[in-house]
K.L.:
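Next up is a structure, given as structure tokens.
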Amino acid sequence: MTVELGDLASVLLEHAQDKLAIVDTDGTYVYLNAASDPILGYEPAALVGEPSAAYIHPDDRRAVADRLERVSATGASSTVRYRHATADGGWVWLESRVTNLPDAALDGYVVSSRDISDQVTAEQERRDAESRLRTIAGTVGDVLWMFDGDWSELLFVNPAYEDVFGQPVADLEADPQQFLEVVHPDDVPCVREAMDRASAGESVDVEYRVNPDAEYSHWVWVRSEPIIEDGDVVRIVGFSRDITDRRRRERQLAVMDNLLRHNLRNDMAVILGNAECIAREGDAPSRGRAEIIRNQGRDLLESADKQRDIIDLLTDRAVPEPIDLAAVVTDAVETIRERYPNATIETTLPASATATTLHEIELAVTELLENAAQHEPDGQPELSVTVSSTPETVAVVVRDNCPPIPEVEFRVLTGDWQMDDVYHTSGLGLWLVYWTVDLSGGRIAFERTENGNAITVTVPRSRS
């Protein structure tokens, strides 16, 4: 077939940036433009007269042939993707638009092609990543999920959802708001608030009950993170973990704790009452022993109260919140001054110093001050408290004039003592301090000198 290039000038100009070829009805190359060389590596003249099918990947030849037949039968243009051989022995992905020749007197096709190798590679990498994600998500017990920024579209959820929430994934895909139908009615307001906070760009940590088919006996811990682009929340990702067993154990421990504390207080009331009688009615040696019983009994009750505070701290899963440590220290100092009138306490405080911490931080600061006041041997404790801030943290420094604190005590404070180590300590208060700071994302530093001790508690500064 002889082709007059002048007749096809408009077509050639229109597609000059693409690889442009003309093939006859047998698929033989009749013409290729100069853009073919940088794409394929072949001089155009080298391919003229060659069967185009010989240069198409064997797996793609049927698709290309079908597309040519469709164009021939319908007269409508059509697009096809396939791999074409290159001069260096490799393959290049092409996206070709196939059109009948505009001259009715000629038989064949105009094939306008562009290199889409990078696009195909990126698509394949994305599909591979999604496949790996789905494989991983299908093997974990946690519910992994992704919604759009306003919770109106479910973008991903793994099969674990059905076991935990008791609702078919298909229902959630049809209407993402359906998951609220399987949340305990009393917990729905809390869940809605958490959703609104996530849509506003906050990280969210919440626990609630789900699965009406199981009488809402399943507890889940949900952690979500907003994905922000150009200042807008475009997606919300997270996981939901079944914590039913943990909640059950916590309830059991709470019952045992309440029972033991109730019995302890009742039994100690009897012990202290009898000690009081002995102190009034007994001889001198007996009164001395009664005083020992009374002191030890009061210490034991105080330890029980601190144990209650620790149990609450470790089981409530409280979330750190913005708290003004300048105000916290002021209140703690007033408490210690009332308990220990002989104590001298100096403070260096800014107008405010807002940190992100648990509300138990006031108990922790009070414990540090009281621990120092109790251990000053002459009964004249001299304490100082300083609060200072950096762009990232807020620090509280407590100084005293006590003898160097025993190694085991400061190792408790700094978290260097193993939980299974057995030792004698002055009480549970230091554990309360350590866990409060640790769960607030902070740290404790300790300095011992002959003239006293300095304890520095550092916690994150609030961003709000």
Side-chain angles (χ1 to χ4, degrees), residues 248-316 318 331-343 358-381 383 400 402-403 405-413 417-436:
R248 185 180 297 114
R249 289 193 298 271
E250 288 176 356
R251 289 198 302 272
Q252 294 167 346
L253 288 172
V255 170
M256 291 301 300
D257 175 60
N258 289 332
L259 177 62
L260 290 173
R261 291 181 72 247
H262 178 268
N263 291 345
L264 174 63
R265 285 197 169 276
N266 286 346
D267 293 345
M268 286 307 304
V270 174
I271 292 172
L272 292 176
N274 280 277
E276 193 73 34
C277 291
I278 295 172
R280 287 197 309 268
E281 302 169 2
D283 54 22
S286 297
R287 289 196 298 272
R289 293 187 180 94
E291 185 62 25
I292 292 174
I293 294 173
R294 292 165 61 188
N295 289 337
Q296 291 296 109
R298 285 193 292 266
D299 289 345
L300 186 58
L301 288 177
E302 182 181 346
S303 292
D305 289 337
K306 290 180 180 179
Q307 174 258 350
R308 174 72 268 172
D309 292 335
I310 291 174
I311 292 295
D312 290 342
L313 174 66
L314 297 180
T315 58
D316 282 352
D331 292 341
V333 167
E334 289 303 314
T335 298
I336 297 303
R337 281 174 173 160
E338 291 176 4
R339 295 178 184 174
Y340 302 91
N342 292 334
L358 300 182
H359 73 271
E360 285 87 356
I361 193 68
E362 183 169 346
L363 286 175
V365 174
T366 302
E367 176 62 32
L368 291 176
L369 292 170
E370 185 164 39
N371 191 65
Q374 288 176 339
H375 289 85
E376 206 287 316
D378 299 327
Q380 299 291 330
L383 312 177
D400 62 45
C402 299
I405 189 170
E407 179 185 7
V408 66
E409 304 289 0
F410 82 77
R411 288 180 66 189
V412 167
L413 277 173
W417 196 270
Q418 296 298 319
M419 289 295 295
D420 56 356
D421 287 341
V422 177
Y423 64 93
H424 173 74
T425 183
S426 58
L428 294 172
L430 297 183
W431 281 116
L432 176 64
V433 174
Y434 170 72
W435 278 320
T436 298

K.L.:
OG1 of Thr366 to CD1 of Ile336: how many Å apart, nearest 0.5 Å?
P.N.:
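The CD1 atom of Ile336 is 5.5 Å from OG1 of Thr366, to the nearest 0.5 Å.
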K.L.:
Identify the heavy atoms of Ile293 and Ala275 that sit nearest to each other, and give their distance.
P.N.:
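Minimum heavy-atom contact is CG2-CB, 3.9 Å.
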K.L.:
Let me see the working for Leu363 and Thr436 under side-chain contact (heavy atoms from CB on, under 4.5 Å), right down to the final yes or no.
P.N.:
CA-CA 9 Å; Leu363 286 175; Thr436 298; over 6 Å; no
K.L.:
Between CD of Glu376 and CG of Asn342, what distance do you get to the nearest 0.5 Å?
P.N.:
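Here the interatomic distance stands at 10.0 Å.
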K.L.:
If you measure from CD1 on Ile292 to CG on Asn295, what distance do you get to the nearest 0.5 Å?
P.N.:
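Going from the CD1 atom of Ile292 to the CG atom of Asn295 covers 8.0 Å.
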K.L.:
Looking only at non-hydrogen atoms, find the nearest pair between Ala279 and Ala290 and report the distance.
P.N.:
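Closest approach of Ala279 to Ala290: N-CB, 3.8 Å.
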K.L.:
Between Arg287, Arg294, Arg289, which is the residue that forms a salt bridge (charged side-chain N to carboxylate O under 4.0 Å, His left out) with Glu291?
P.N.:
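Among the candidates, only Arg294 passes.
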K.L.:
I need the minimum non-hydrogen distance between Val433 and Ala364, along with the two atoms involved.
P.N.:
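Result for this residue pair: CG2-O, 3.5 Å.
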K.L.:
Starting at CD of Glu367, measure out to CD of Glu362 and round the result to the nearest 0.5 Å.
P.N.:
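Interatomic distance, Glu367 CD to Glu362 CD, rounded to 0.5 Å: 13.0 Å.
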K.L.:
In Å and rounded to the nearest 0.5 Å, what is the CD to CD distance from Glu281 to Glu276?
P.N.:
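That separation rounds to 10.5 Å.
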K.L.:
Any chance you could measure Glu370, atom CD, to Leu383, atom CG, to the nearest 0.5 Å?
P.N.:
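So the gap between those two atoms works out to 11.0 Å.
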